Amino acid sequence: MTPVVTRAQMRAYDKFAIEICHVPSIVLMENAARGAADIIVRLLGDGAEARAGRVVVVCGAGNNGGDGFGVARHLLARSYDVVAVSRRFCRQVDGRCTHQP
């Protein structure tokens, strides 16, 4: 995998979107999750055969964890068998991560 932007660049883009453009971080998280789920569906396929397996989404804490849980939610809505796991206990997960239903 070839990174498109560095971690520092992505943080700067997020900060710009949130502070200058006034885009709520939860909106950025939702858009990232939906976009990632779209790519996963494109790679796995959208048929019954693709849905026969299980998709495991490993989530951290904070924003990336929220993105991961959002990806899992979008895949569940598309009838994939999804398991989302976090390496952190619920009490250790950042508040932005817990916005995912």
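Worth saying up front: this structure is predicted, and the values here are computed from it rather than measured.
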S.K.: Hey, could you give me the CD1/OH distance between I40 and Y80, rounded to the nearest 0.5 Å?
M.R.: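 Going from the CD1 atom of I40 to the OH atom of Y80 covers 9.5 Å.
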
S.K.: When clusters are formed by joining ILVMFWY residues with side-chain heavy atoms under 4.5 Å apart, either directly or through shared neighbours, do F69 and V83 land in the same one?
M.R.: no

S.K.: Using side-chain heavy atoms (C-beta onward) and a distance below 4.5 Å, is L75 in contact with V41?
M.R.: yes

S.K.: If you group Ile, Leu, Val, Met, Phe, Trp and Tyr by side-chain heavy-atom gaps below 4.5 Å, do L28 and Y13 land in one group?
M.R.: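 No, separate clusters.
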
S.K.: Check N31 against R34 and note the closest heavy-atom contact, atom names and distance.
M.R.: OD1-NH2, 2.8 Å

S.K.: Could you list who else is in I20's hydrophobic cluster, with ILVMFWY side chains joined at under 4.5 Å, directly or through other members?
M.R.: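 Listed partners: F16.
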
S.K.: Would you be so kind as to tabulate the donor-acceptor pairs closer than 3.5 Å made by side chains of residues 51-62, with sequence neighbours excluded?
M.R.:
| from | atom 1 | to | atom 2 | distance (Å) |
| --- | --- | --- | --- | --- |
| R51 | NE | R78 | O | 2.6 |
| R51 | NH1 | D46 | O | 2.6 |
| R51 | NH2 | D46 | OD1 | 2.6 |
| R51 | NH2 | R78 | O | 3.0 |
| R54 | NE | D81 | OD2 | 3.3 |
| R54 | NH2 | D81 | OD2 | 3.4 |

S.K.: Can you give me the closest heavy-atom contact between A37 and H74, atom names plus distance?
M.R.: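 Distance-wise, the nearest heavy atoms are CB-CB, 3.6 Å.
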
